[in-house]
Amino acid sequence: MKQRMNVYLTTAKRVFHYAYPVIRSLFEQNTDSEVYLYLVSENLEETDIIVERELAERYEGHIAILHFDEEMARGKIVSASDHWPLGTLGCYWLFHELLPDDVDRILALESDAVVTGSLRQFYDTDLTGYYAACPDAAHKPAAHRELMKELGGDLLTFVVSVYDVRAIRRDFTLDRILETDQFVVREFGHSQQELTFGILFRDRIKFLPAASLCVEENSQSMEAMGIDYLMACEKTCKVLHFSSTMEKEKPWNPVYVMPGYAKWWQYAQESPYYKTYFEEQWKTYGKKRAETEALKKNITYKNLLFMTLALYAVLMLAAGIWLMGIAKRAGMAQASVWAGITIGMLALSAALSVIVRRVSMWAAGVRTVRGGKGRQRS
């Protein structure tokens, strides 16, 4: 008889199609376990998971939706971006309100990942004296490590982490979890489960070698560790996690192409959403092209000349009236005064128009970058 494995994954209706590769690979790579996959979502319905449920049954597994109350949580936690569903932070309610009472341990995965090996050994990690187990900090950015040191917690890696549900229910109330989150919001700007639980579980997280569990594949890790190391990790890791940077690179949005993307697309090709992945990518790039064209319009010489003349007219009108009064009282010749005003105001107008255009370009660029930020708990 297979042993049970409880797995937790957050998703939402509008992004659920991206979760197919991690769901399929989870069941395919863990035939040594009876997998119970719990999908935490604010709006996913039974009719949305027909294909995935048939897939689970094929591998003698199970899928259940745990409905997350988005309205209830909206006033209690702070999402980093509207780009990501609020339900991605449903883990705050996971242990006390969402999970069935018979679940005593659970393994967390994230939607932007693919499973490459059995997670049975990791799931069975001895958690005596610990609340959680996860990969060590070897693959985490230095800035993340420094941040956790400042906040006074341990560096929890949420994706590919396993939790002692009963111990957490026993030692922490939901109110305490949310109070810690409020501290994180004050210090960090928004809710972040790795920070919150890293603080709560300090000195009670068991760390295992990252190279044997999970590697983060993005441009940041490529720069820090190099392609040879990433490709070597792919042979030993059980999960490839496609965490994104500001550029929002993902296998379905290949701003940069990581070696592990081939694994994700292997499962994507067998997905009923295969065509959707391309269509959504085209929409994303279409939007980026439109934003680029808008920026180009803001720097045309035609617009620059128009603004220069407009500013020139305004400045001439204001400064001319004022300076003529001064010149008249001082007895200076009006012609020489007007010549000086004309040359000076033209130069000033040109300089101001360049500054205004630069500022507008910068602002548009900031809006574009901010719009691309966000983290799927991803």
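These numbers were taken from a predicted model, which means no experiment stands behind them. The figures that follow rest on heavy atoms only: side chains count, while hydrogens, waters and symmetry mates do not.
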Do [X] and [Y] make a side-chain contact, defined as non-hydrogen atoms from C-beta onward lying under 4.5 Å apart?
X	Y	answer
Q3	D124	yes
V160	H241	no
L240	C214	no
M5	E34	no
I177	H96	yes

Check: With a 6.0 Å cut-off on ring centres, are F197 and Y92 close enough?
Finding: yes
List the atom of [X], the atom of [Y], and the distance in Å for their closest heavy-atom pair.
X	Y	result
S191	I77	OG-CB, 3.4 Å
V114	S25	CG2-OG, 3.6 Å
L155	C134	O-SG, 4.2 Å
Y274	A268	CD1-O, 3.2 Å
S111	V22	O-CG1, 3.9 Å
I227	P259	CG1-CG, 4.4 Å

Kindly work out whether a path of hydrophobic side-chain contacts (I/L/V/M/F/W/Y, heavy atoms less than 4.5 Å apart) joins [X] to [Y].
X	Y	result
I168	L66	yes
Y163	I199	no
V239	V7	yes
L44	I50	no
I63	L9	yes

Suppose we screen for ring-ring contact (aromatic ring centres under 6.0 Å, His included). Which residues come up paired with [X], at least two apart in sequence or across chains?
X	result
F68	W93
F122	none
H67	none
Y261	F242

Counting only heavy atoms not in [X] (residues, nucleotides, ligands), do more than 12 fall under 6.0 Å from its [atom1]?
X	atom1	answer
Q121	CD	no
M72	CE	yes
E223	CD	no
D101	CG	no

Counting N and O atoms only, with roles assigned by atom type, does the side chain of [X] sit under 3.5 Å from a partner on the main chain of [Y], one being a donor and the other an acceptor?
X	Y	answer
S161	F158	yes
E187	L151	no
T180	L200	no

Interatomic distance, [X] atom [atom1] to [Y] atom [atom2] [nearest 0.5 angstrom]:
X	Y	atom1	atom2	value
S221	L230	OG	CG	5.0 Å
S271	L55	OG	CG	10.0 Å
I49	I65	CD1	CD1	4.0 Å
L208	L213	CG	CG	5.5 Å
L156	L195	CG	CG	9.0 Å
L107	Y38	CG	OH	13.0 Å

Checklist line | T173-D175 side chain donor-acceptor pair, cut-off 3.5 Å | finding: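 D175 and T173 do not have a side-chain donor-acceptor pair below 3.5 Å.
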Checklist line | Exercise: do E194 and T157 side chains pair donor with acceptor under 3.5 Å | finding: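 Short answer, no.
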Note to self: One pair to check against side chain to side chain contact (heavy atoms under 4.5 Å, CB included): R120 and S33. What are the steps and the verdict?
What the structure shows: CA-CA 7 Å; R120 183 77 246 174; S33 302; 3.0 Å; yes
Notebook entry, point to check: Would F278 and W265 count as a ring-ring contact (aromatic ring centres under 6.0 Å, His included) if you check the C-alpha gap in whole Å, the side-chain angles of each, and the deciding distance to 0.1 Å?
Noted result: CA-CA 12 Å; F278 293 98; W265 278 102; 5.4 Å; yes
Next item on the list: Just do the side chain to side chain contact (heavy atoms under 4.5 Å, CB included) check on L94 and V165 with the steps written out, would you?
Entry: CA-CA 9 Å; L94 182 68; V165 176; over 6 Å; no
Got a sec, which residues hit side-chain hydrogen bond (donor to acceptor under 3.5 Å, both in side chains) with [X], two or more places apart in sequence or on another chain?
X	value
N6	R4, Y123
Y8	none
D69	none
Y267	E28, Q29

Margin query: Tell me whether the rings of Y131 and F172 are parallel (<30°), tilted (30 to 60°) or perpendicular (>60°).
Written below: perpendicular
Next item on the list: Mind telling me whether F16 and Y273 have parallel, tilted or perpendicular rings, with 30° and 60° as the class edges?
Entry: perpendicular
Notebook entry, point to check: Tell me the ring-ring contact (aromatic ring centres under 6.0 Å, His included) pairs involving residues 208-235, sequence neighbours left out?
Noted result: H139-Y229
Ion pair [X]/[Y], N-O distance below 4.0 Å:
X	Y	value
E217	K263	no
E70	R74	yes
R176	E179	no

Note to self: Test: salt bridge (charged side-chain N to carboxylate O under 4.0 Å, His left out). Region: residues 44-68. Which pairs qualify, not counting sequence neighbours?
What the structure shows: K2-E60, K13-E45, K13-D48, E46-R53
Check: Restricting to pairs with a member in residues 161-171, which pass salt bridge (charged side-chain N to carboxylate O under 4.0 Å, His left out), not counting sequence neighbours?
Finding: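 Pairs touching residues 161-171 that pass the test: none.
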Notebook entry, point to check: Going by side-chain heavy atoms closer than 4.5 Å, which hydrophobic residues are tied to V185, directly or by a chain of links?
Noted result: V78
Notebook entry, point to check: What do the steps show when you test L127 against R105 for side chain to side chain contact (heavy atoms under 4.5 Å, CB included), and what is the final call?
Noted result: CA-CA 10 Å; L127 291 179; R105 144 180 323 225; 3.8 Å; yes
Next item on the list: Starting from the C-alpha separation in whole Å, work towards a yes-or-no answer on side chain to side chain contact (heavy atoms under 4.5 Å, CB included) for Y130 and F201.
Entry: CA-CA 8 Å; Y130 296 95; F201 299 163; over 6 Å; no
